[in-house]
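Reading through the structure tokens given below for one structure.
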Amino acid sequence: MGFVDDVLGDHSRSGFSGHLTAAIRDRALTSGMFKVVMGGAVSLAGAALLGRHWVTFVLDAIMIALAANFVNLLDRRPGRAIKAYALLHVLTVTSGYVFLRWFPPAEAAAVFGSAVAFAPRDLRERAMLGDTGANPLGASLGLSLVHLPLTPRLAALFALAALTLLSEFRSFGSIIDGNRVLRFLDELGRAET
């Protein structure tokens with residue numbers, strides 16, 4: 001789905017509201033709306049594999065979808081999405097271990113290792129993560145987050161929902177550029193332009 005959006009996508013519309021408006025008012029299926037619908041279906045399928053109560057299943061699916069979207073929203077500059085994903089992954093794993101003596105499955109470690117290995121190429125602008133890479137990174141993060149205890153899991157869900165809503169009104173790029181610490185971290189390791 002990310003590959004379809006990367007290669008065939010019409011990027012004249014952005015944000016959930018832009019794609020929803022195109023679908024309702026213009027009766028046009030944008031590549032972004034295709035990604036929303038299919039990404040939602042994949043998130044539901046991933047949550048269903050956990051075999052939890054239906055309320056938890058719905059919340060897990062929302063968490064996976066929001067995490068995939070969040071990491072994708074950050075993929076506007078080289079290395080930004082990978083840095084955010086890696087930081088959040090480490091915090092999730094650390095929290096999981098402290099609270100539950102839990103480690104993520106080997107698949108999550110493989111995704112993390114792949115992202116770290118890919119980061120230098122992304123930072124030096126020799127390759128691009130794109131939706132093809134950012135969405136799976138975020139979904140993997142979401143799958144790790146749903147294993148946290150209830151309170152931190154709900155806090156993560158609320159934070160992702162709030163950030164998604166914020167992104168409809170303000171770009172994360174402008175927020176990052178307006179904060180010295182975030183700007184420094186964002187530019188760290190990036191190729192000189």
Tightest non-hydrogen contact, residues R170 and I175, listed as CZ-CG1, 3.7 Å
Heavy-atom closest pair, residues A47 and A61
CB-N, 3.6 Å
Aromatic ring centroids of F70 and F172 under 6.0 Å?
yes
Hey, is the main chain of D186 close enough, under 3.5 Å, to the side chain of R80 for a donor-acceptor pair?
no
Hey, does P136 have a side-chain heavy atom less than 4.5 Å from the side chain of V111?
no
Y85 and S140: which non-hydrogen atoms are nearest, and at how many Å?
OH-OG, 4.2 Å
Can you give me the closest heavy-atom contact between A115 and L137, atom names plus distance?
CB-CD2, 3.7 Å
Any donor-acceptor pair under 3.5 Å linking the side-chain atoms of S174 with those of S171?
yes
Do L49 and L59 sit in the same hydrophobic cluster, where Ile, Leu, Val, Met, Phe, Trp and Tyr count as joined when their side-chain heavy atoms come under 4.5 Å apart?
no
Are V181 and L188 connected into the same hydrophobic cluster when the rule is that any two of I, L, V, M, F, W, Y join if their side-chain heavy atoms are below 4.5 Å apart?
yes
Nearest 0.5 Å, what's the CZ-CZ distance between F118 and R126?
12.5 Å
Can you check side-chain contact (heavy atoms from CB on, under 4.5 Å) on F112 and V90, steps first, answer last?
CA-CA 9 Å; F112 179 78; V90 168; 4.0 Å; yes
Sequence neighbours excluded, every pair satisfying ring pair (Phe, Tyr, Trp, His ring centres under 6.0 Å) that has a member inside residues 120-145:
none
Do any N or O atoms from the side chain of K83 and from the backbone of A119 form a donor-acceptor pair under 3.5 angstrom?
no
How many angstroms lie between atom OG1 of T92 and atom CG of L148, to the nearest 0.5 angstrom?
5.5 Å
How about R153 and L145: do any of their side-chain heavy atoms sit closer than 4.5 Å?
no
Single-linkage hydrophobic cluster L150~M63, side-chain heavy atoms < 4.5 angstrom:
yes
Nearest 0.5 angstrom please: S144 OG to L88 CG, how far?
11.0 Å
Begin from the C-alpha positions of R77 and D122 and carry the test salt bridge (charged side-chain N to carboxylate O under 4.0 Å, His left out) through to its verdict.
CA-CA 9 Å; R77 295 240 178 103; D122 192 23; over 6 Å; no
Just so I know, are the side chains of I176 and L185 near enough to count as touching, which here means a heavy-atom distance under 4.5 Å?
no
Taking only residues two or more places apart in sequence or in another chain, which ones pass side chain to side chain donor-acceptor pair (under 3.5 Å) with D60?
R52
Does I62 share a hydrophobic cluster with W54, counting links as ILVMFWY side-chain heavy atoms below 4.5 Å and allowing steps through other members?
yes
N72 side, atom CG; N135 side, atom CG - distance, nearest 0.5 Å
4.5 Å
Expected output: side-chain R190 to main-chain P78 donor-acceptor under 3.5 Å:
yes
Is there a side-chain contact between L74 and V71 in this structure, where contact means two heavy atoms from C-beta onward sitting under 4.5 Å apart?
no
Audit row: F57, L50, side-chain contact (heavy atoms from CB on, under 4.5 Å) steps and yes/no
CA-CA 8 Å; F57 154 71; L50 300 173; over 6 Å; no
Exercise: identify the closest heavy-atom pair between V146 and I64
CG1-CG1, 4.5 Å
If I take atom CG from residue L73 and atom CG from residue L66, how far apart are they, to the nearest 0.5 angstrom?
10.0 Å
Between H89 and V93, is there a side-chain heavy-atom distance shorter than 4.5 Å?
yes
State plainly whether one hydrophobic cluster holds both L44 and V55, where clusters connect Ile, Leu, Val, Met, Phe, Trp and Tyr through side-chain heavy atoms under 4.5 angstrom apart.
yes
Got a donor-acceptor contact below 3.5 angstrom from the T94 side chain to the L91 backbone?
no
Using every non-hydrogen atom in the two residues, find where A134 and D75 come nearest and quote the distance to one decimal.
CB-CB, 4.1 Å
